[in-house]
Amino acid sequence: MTSSSTTPADDPTRALEAASDLLKALASPVRIGIVRELSQGGKYVHELVAALRVSQPLVSQHLRVLRNSRIVTARRQAREIQYEITDEHVAHIVLDAIRHAQE
């Protein structure tokens, strides 16, 4: 009998599902670009817009996906929100994938 409270580490099938969910959340050039930018440190939306050369609504939409997947976190500072990578391992995955694609 499997418990609904098992973690991916306890259940190999659940680990594969969790990995699949992570890769689905990253399956967008804009989201990969956001993670690449955030791997250098926290950034505000306007900084991501400038770096990625896409619209603010598009960046915000993709940040919502990354937040819902717990890949990035948001921290309000005055009137702006700064985004940061939750887990540096995800940044390494993205940066390795970019390097591999360039080979």
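Residue numbers run from 1 in the order of the sequence given. All heavy atoms count here, side chains included; hydrogens, waters and symmetry mates do not. Computed from a prediction, not measured in an experiment: that's the story for all the values here.
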Between OH on residue Y83 and CG on residue L48, distance to nearest 0.5 Å | 9.0 Å
Do V30 and V65 share a hydrophobic cluster (ILVMFWY, side-chain heavy atoms under 4.5 Å, transitive)?
-> no
Any side chain to side chain donor-acceptor pair (under 3.5 Å) involving residues 16-29? Give me the pairs, sequence neighbours left out, ordered by first then second residue.
-> none
Applying side chain to side chain donor-acceptor pair (under 3.5 Å), which residue pairs with at least one partner in residues 48-64 are found, sequence neighbours left out?
-> R31-H62, Q56-S60
Find out if a path of hydrophobic residues (ILVMFWY) with successive side-chain heavy-atom gaps under 4.5 Å connects L58 to L38.
-> yes
Rounding to 0.5 Å, atoms CZ (R67) and OG1 (T86) come to a distance of 9.5 Å
Hydrophobic cluster membership, L23 vs V94, 4.5 Å side-chain cutoff = no
Residues 72-80 side chain polar contacts: donor-acceptor under 3.5 Å, at least two apart:
from : atom 1 : to  : atom 2 : distance (Å)
R75  : NH2    : Q82 : OE1    : 2.6
R75  : NH2    : E84 : OE2    : 3.0
Q77  : OE1    : Y44 : OH     : 2.5
E80  : OE2    : H46 : NE2    : 3.0

Hey, what do you get for CD (E88) to OG (S39), rounding to the nearest 0.5 Å?
-> 7.5 Å
With side-chain contact (heavy atoms from CB on, under 4.5 Å) as the test, would you mind laying out the steps for I93 and L22 before giving the verdict?
-> CA-CA 10 Å; I93 291 167; L22 171 65; 4.2 Å; yes
Taking the side chain as C-beta and beyond, is there a heavy-atom pair between V45 and I81 under 4.5 Å?
-> no
So which of L95, L66, I71 actually passes side chain to side chain contact (heavy atoms under 4.5 Å, CB included) with V90?
-> I71
